[in-house]
Protein chains: 2
Amino acid sequence: MKKRTTLKELAKELDVSISTVSKALKNSPEISQDTIDKVKAFAKLLNYRPNNIALSLKNKKTKTIGIIIPDIVHHFFTKVIKGVENYANAKGYNVIVGLSNESFSNEVINMEMLANGSIDGFIVSMSRETMQHQDYQHFNETLNEGIPLVMFDRIVNEIPCDKVAVDDTKGAQMAVKTLLNKGAKKIALITTKDYVSVGRLRTKGYIEALNANGITPIPELILKIDDDLLYEDSLENLESQIKMLFAQHHDVDGIFAVNELYAVVAMKVAKSLGISIPEQLQVIGFTDGMLSKHASPSLSTVSQHGESMGQKAAELLIQRIDEYTSEKPPQPFNSVIITTDLILRESTK
Amino acid sequence: MKKRTTLKELAKELDVSISTVSKALKNSPEISQDTIDKVKAFAKLLNYRPNNIALSLKNKKTKTIGIIIPDIVHHFFTKVIKGVENYANAKGYNVIVGLSNESFSNEVINMEMLANGSIDGFIVSMSRETMQHQDYQHFNETLNEGIPLVMFDRIVNEIPCDKVAVDDTKGAQMAVKTLLNKGAKKIALITTKDYVSVGRLRTKGYIEALNANGITPIPELILKIDDDLLYEDSLENLESQIKMLFAQHHDVDGIFAVNELYAVVAMKVAKSLGISIPEQLQVIGFTDGMLSKHASPSLSTVSQHGESMGQKAAELLIQRIDEYTSEKPPQPFNSVIITTDLILRESTK
DNA sequence: TAATACTACTACAACGTTTTCGTGTTGATA
DNA sequence: TATCAACACGAAAACGTTGTAGTAGTATTA
């Protein structure tokens, strides 16, 4: 196990100064071609590679961005990470991932752990708890310290930063409108509690689409699921609520769910009750993940283009980092909307 | 936008030396309580936090580990990351993610990008291309530079390092044995090409289980899928191969697939052919992901415990990092096997 | 009262770079 | 033969820390 080669070592061996070595490796015109060749050859021999940490310290930039997400076992976030990685890597940046596990304190701790010089900027999707508490102090502190921040998906207006989101309302509208067009008369909604911004916005889209078609939304058809503990385990609660819905409203012939899991579970319950899809019941979900694609019947869904979101977020962030370091006049903050697409599969007629 | 506070600034304002400030913040007995209190109060006021990069440079350790995986849009890897993150964070480490996208050169580039001082160690699952080329030079170089490395899941004996893997062969054996016990007589296998180590090992388990029960494996029943381009898109190839299998062997009553996607697709094809599951055909997959849980019928599967793998890998790596820095006598390399569990659901009787 | 021992600090080197500002040697010019 | 570029290189500061090795000034001891 050898130690890493440093400029100092090269200098000593070649009997020149550190400066000379450094300049030679950068093809400085100050250095004779002879020396350049010698230094380079020797550097190659010893497999010299500049120490990134030293460079970070000197340049005051780490070429690393931090992405903080609530959950990594989740197709959508995974796609976003992929988009971020792709763009960031192409720009010479590394990506460091922090998981909040939907917990406020984890989010804060994670950000503090990184905001000590380890990263040049953040890409964040808030934890559920943060949305609930509406405590955005850690974001503002980060911004005050001069660390740029881009929020995505779960965004909130109070924070002055760049944002990337999906047109949740419009996507939901489109989905519900499509169900109506395909003949559904009584459409139920399975959504989250209102503090989840995306759930709230998609609910809004659902209601607007109904209103636009002269249908008065029926509160009983709107299931607001509290998925505090849900996610991986204990879907029973969800299943039983859906069962009750079907029991009380046997004429429901359309379901719009704000994520693919809810939609798939709804289909499962429906099938177990002998309801045929899409003949008797049409279903559309949100987020185009593995589940939608491989469910049976496969699920029509609103695609969020997570990878594009990640790319855009990374682009905005790196742009902002450049702006900060170049002391350019600050640009106004961007709010980019990634448009959704409706992907029709077997769960709709 | 303020700049970050440094020791120097604190020192100047308080009219003491930098050393005094540094020591005061660390409660050094060299410093009077009076000064300590003053320094701390002022530091809090200015929201001082030590610069991590400077510390990394000084201590020659970054408290960061790099994890290189072939694909992040994949439940298993995602679970592993979660496990790594949890353990690493608890130990004060950050996790930086590199994606190879199953490409050899991406893997090499990614590792080189990080092996310049940015990280203290690697956790790696090889790309498919790397397995194919059998070119492990970049791993060995990394090790030679004194950067510890832990491989997981897709491992290979040639590399002298710690390893964490699943008992692929045994897990497959168990699955096939279970199918046999549940009455299956003619069991097909859907696996990968042999250069994928886990596919090869699971195939081995399949064959051994059959042999142990006095059944001679039939080559035609073994589908070796070339998923070079597959994954996200173009499942048609896979579907048509499975269709052909059923056409030629209508009496197949069991399927073991080396991942959940293959299993789910197999079920889909079977259902489309009017084959009932689990009555006429029983199916078991590998990897307990979202698909298995929410497929219909839900899929019996061999659970890999990705999170445990990640935890264990992180544990081994951090242990090794500590060993390297403390100049302790080197311990022999560990090869940890995470045992699999068979989770029985609706796709088996 | 001089030697000694604390106390409470400060100076400085070091980690590995880059970069600015010298500086000594050539060769050409007046 | 002085003067001055041009050339090729070196010294040193800087990035923000930490820790070792001083060093004043005061208090204790012989």
Side-chain angles (χ1 to χ4, degrees), chain A residues 2-40 42-43 46-64 115-120 145-147 325, chain B residues 2-40 42-43 46-64 115-120 145-147 325:
Chain A
K2 327 170 203 169
K3 319 195 76 174
R4 308 212 46 204
T5 315
T6 66
L7 288 183
K8 196 197 280 192
E9 276 149 34
L10 292 179
K12 203 198 299 185
E13 298 290 324
L14 289 165
D15 213 43
V16 292
S17 76
I18 295 178
S19 336
T20 303
V21 178
S22 171
K23 287 171 189 167
L25 291 172
K26 300 195 124 47
N27 291 315
S28 161
E30 285 181 55
I31 308 296
S32 71
Q33 194 57 48
D34 230 45
T35 315
I36 291 186
D37 293 344
K38 253 182 264 173
V39 169
K40 284 195 169 176
F42 199 62
L46 262 61
N47 192 27
Y48 170 79
R49 282 195 331 268
N51 181 317
N52 206 31
I53 296 291
L55 286 177
S56 295
L57 182 60
K58 185 130 231 314
N59 302 331
K60 289 165 157 262
K61 44 166 64 186
T62 61
K63 283 276 183 180
T64 303
N116 56 10
S118 302
I119 51 101
D120 293 337
E145 285 176 28
I147 303 175
T325 53
Chain B
K2 327 170 202 169
K3 321 192 75 172
R4 307 212 46 203
T5 315
T6 67
L7 288 183
K8 195 197 278 191
E9 276 150 33
L10 293 179
K12 203 198 297 183
E13 298 291 325
L14 289 165
D15 212 43
V16 292
S17 76
I18 296 179
S19 331
T20 303
V21 177
S22 171
K23 286 172 187 164
L25 291 172
K26 300 195 124 45
N27 291 315
S28 161
E30 284 182 57
I31 309 296
S32 71
Q33 194 56 48
D34 230 45
T35 314
I36 291 185
D37 293 344
K38 253 183 263 173
V39 170
K40 284 195 169 176
F42 199 61
L46 262 62
N47 192 27
Y48 169 78
R49 281 194 333 266
N51 181 317
N52 206 31
I53 296 292
L55 287 176
S56 294
L57 182 58
K58 184 135 230 312
N59 303 332
K60 290 166 156 260
K61 44 163 66 183
T62 61
K63 284 276 182 180
T64 304
N116 56 10
S118 302
I119 50 102
D120 294 337
E145 285 177 29
I147 302 175
T325 54

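So that the names make sense, note that chain A is the first sequence line, chain B the second, and so on, each numbered from 1.
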*Quick one: is dC9(C) close enough that its OP1 or OP2 comes under 4.0 Å of any side-chain N or O from Ser32(B)?*
yes
*Return the nearest nucleotide to the side chain of Thr20(A); candidates are dC15(D), dC9(D), dT17(C).*
dC9(D)
_5'-most by nearest nucleotide on DNA chain D - Asp15(A) or Leu57(A)_ = Asp15(A)
*Does a distance-only test, which skips hydrogens and angles, find a donor-acceptor pair under 3.5 Å between the side chain of Ser17(B) and the base of dA11(C)?*
no
*So which one's nearest nucleotide on DNA chain D is more toward 5', Lys23(B) or Asn51(B)?*
Asn51(B)
_Listed nucleotide nearest any side-chain atom of Ile18(B), set dT17(D), dC15(D), dC9(D)_ = dT17(D)
*Assess the side chains of Asn52(A) and Lys63(A): does a donor N or O sit below 3.5 Å from an acceptor N or O?*
no
*Answer with yes or no whether the side chains of Ser32(B) and Thr35(B) bring together a donor and an acceptor at under 3.5 Å.*
yes
*At their closest point, which heavy atom of Ala24(A) faces which heavy atom of Ile36(A), and how far apart are they?*
O-CG2, 3.8 Å
*Side-chain N or O of Ser22(A) less than 4.0 angstrom from OP1 or OP2 on dT18(C)?*
yes
_Rounded distance (Å) that lies between atom C1' of dT19(C) and atom CD1 of Ile31(A)_ = 12 Å
*Grab the NZ-P distance between Lys58(B) and dG19(D) for me, whole Å please.*
7 Å
_Between P of dC15(C) and CG of Leu7(A), the distance in whole Å_ = 12 Å
*Would you say Ser56(B) reaches dC15(C)'s phosphate, i.e. side-chain N/O to OP1/OP2 under 4.0 Å?*
no
*Rounded off to whole Å, could you give me the CD-to-P distance for the Glu30(A) and dT18(C) pair?*
14 Å
*Between atom CG in Asp34(A) and atom C1' in dA8(D), what is the gap in whole Å?*
11 Å
*Picking from dC9(D), dT18(C), dT20(D), which would you name as closest to the side chain of Thr35(A)?*
dC9(D)
*Val16(B) or Lys60(B): which one's nearest nucleotide on DNA chain C is closer to the 5' end?*
Val16(B)
*For dT18(D), does OP1 or OP2 lie under 4.0 Å from any side-chain N or O of Ser19(B)?*
no
_Value in whole Å for how far the P atom of dA8(D) lies from CD of Gln33(A)_ = 10 Å
